[in-house]
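As structure tokens, the structure follows; a few thoughts come after it.
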Amino acid sequence: MQLKSSPAAKPRHFIDLSDLDAATLRRIVDMAHAMKAAGKRPPPDLIPKDIADQVLIMIFEKPSTRTRVSFDVAMRQLGGQTIVLNDKDTQLGRGEPVSDTAKVLSRYGDAMMLRVNAHATLTELAAHATIPVINGLSELSHPCQIVADLMTFEEARGPIKGAVVAWAGDGNNVAASWIHAATRLNFTLRLACPPQLNPERAVLDWAKNAGGRIELTDDADAAISGADCVVTDTWVSMGQEDASKRKQLLGPYAVDDRLMAKAKKDAIFMHCLPAYRGHEVSASVIDGPQSVVWDEAENRLHAQKAILAWCLGVG
Ligand code: CP
Ligand code: NVA
């Protein structure tokens, strides 16, 4: 008898874009474009084998609108099924070991997607799970978001290779996944952050060693000047408690019309959402003609289908 826990091929975890080689990331973004072009019925060659029998288990330790709903709809459009839980509803929330949870969920489901407080939960799950583990955001990274962002850039501006993307604001989890993506797909990423809120040293060192074109400054005007795309994110991420200090440090990095005008004339504006108008971005920018945030939010759905398909063995 073959139990699910028997030694088998290593699951295709999706924890960080830095774990993927360039060709794999490129393939996932291309699959996301193809998923979108096909509408609600994915192309047959991108549908995982036996999908009707497969279940995606999702656990959220933090709130979510886009990630929760887009993964649920994506799995259904692929033909599979979903279970969505908050961590407080599970024994994880009462301290059951992560490794035990990984082994048990691997006996029930076919993939798991988690939004976690501590990135280490994901890596520990991945070490013990025999099904793919997907990072639905941690304090360190948000790789699913960036697959959607890459496809959004390419829809609006063509291939991202060689482009210049500018980030203004907190050097946070979303910025880290942008750094991974820029390094893998060969585009320039200019980050303007207050020095106290620079990206994690480990992420910058990884990019440097991997040959990434990552430029770090504290000058938002310089970073955005001539860019093809301007990106920002909330000044206070989930779980952060020093809101007033952050708002003070990040004030000069607010993306408003003056700053946006430094970018190329046809530059686009992106934000993963949720957004706080009047803080990291002005209403005139996020609701203005250069903003592609609604396409970006829609593309989470198409990107999730591509990520799920890849994790479940396609491509
Ligand atoms: N961008 C993003 O991940 O949104 P949610 O927090 O709503 O999932
Ligand atoms: N940086 C934000 C992203 C939300 C999708 C956070 O972690 O709260």
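In each ligand, atom 1 is the first atom listed, and ligand 1 is the first ligand listed. Scope of the values below: all heavy atoms of this structure, side chains included, with no hydrogens, waters or symmetry mates. Note that the structure is predicted; figures quoted are calculated from it, not measured.
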query = Do any heavy atoms of Leu273 fall under 4.0 Å from ligand 1?
reply =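 Within the 4.0 Å threshold, so yes.
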
message = Between ligand 1 and Arg115, can you find any atom pair, the residue atom being a heavy atom, that is separated by under 4.0 Å?
response =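 It does, in that a heavy atom of Arg115 comes within the 4.0 Å cut-off of ligand 1.
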
request  = For Glu215, look at atom CD and say whether over 12 heavy atoms of other residues, nucleotides or ligands are found less than 6.0 Å away.
outcome  =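 Result for CD/Glu215: enclosed.
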
request  = Flag the pair Lys88 and Glu61 as a salt bridge only when some basic side-chain nitrogen lies within less than 4.0 angstrom of an acidic carboxylate oxygen.
outcome  =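 Between Glu61 and Lys88 there is no salt bridge, as every charged N stays at least 4.0 Å from the carboxylate O atoms.
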
query = Would you call Asp87-Lys62 a salt bridge at under 4.0 Å N-O?
reply =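 Salt bridge absent between Asp87 and Lys62.
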
Within the 4.0 Å heavy-atom shell around [X], which atoms of ligand 2 are there?
X: Asn172; answer: 1 (N)
X: Leu273; answer: 5 (C)
X: Leu137; answer: 3 (C), 4 (C), 5 (C), 7 (O)

ask   = Does Ser237 reach ligand 2 with a nitrogen or oxygen that is under 3.5 Å from one of the ligand's nitrogen or oxygen atoms?
value =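 Min N/O separation from ligand 2 is below 3.5 Å for Ser237.
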
Tell me, which protein residue and heavy-atom name are nearest [atom], and how many Å apart are they?
atom: atom 3 (O) of ligand 1; value: His142 NE2, 2.8 Å
atom: atom 2 (C) of ligand 1; value: Arg300 NH1, 3.2 Å
atom: atom 4 (O) of ligand 1; value: Arg66 NE, 2.8 Å

message = With a 4.0 Å cut-off on heavy atoms, is Val236 in contact with ligand 2?
response =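 For ligand 2, residue contact (heavy atoms, under 4.0 Å) with Val236 is absent.
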
inquiry  = Below 3.5 Å, N or O to N or O, backbone or side chain included: is there any such pair between Cys272 and ligand 1?
reply    =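 Yes; the residue has a nitrogen or oxygen that sits under 3.5 Å from a nitrogen or oxygen of the ligand.
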
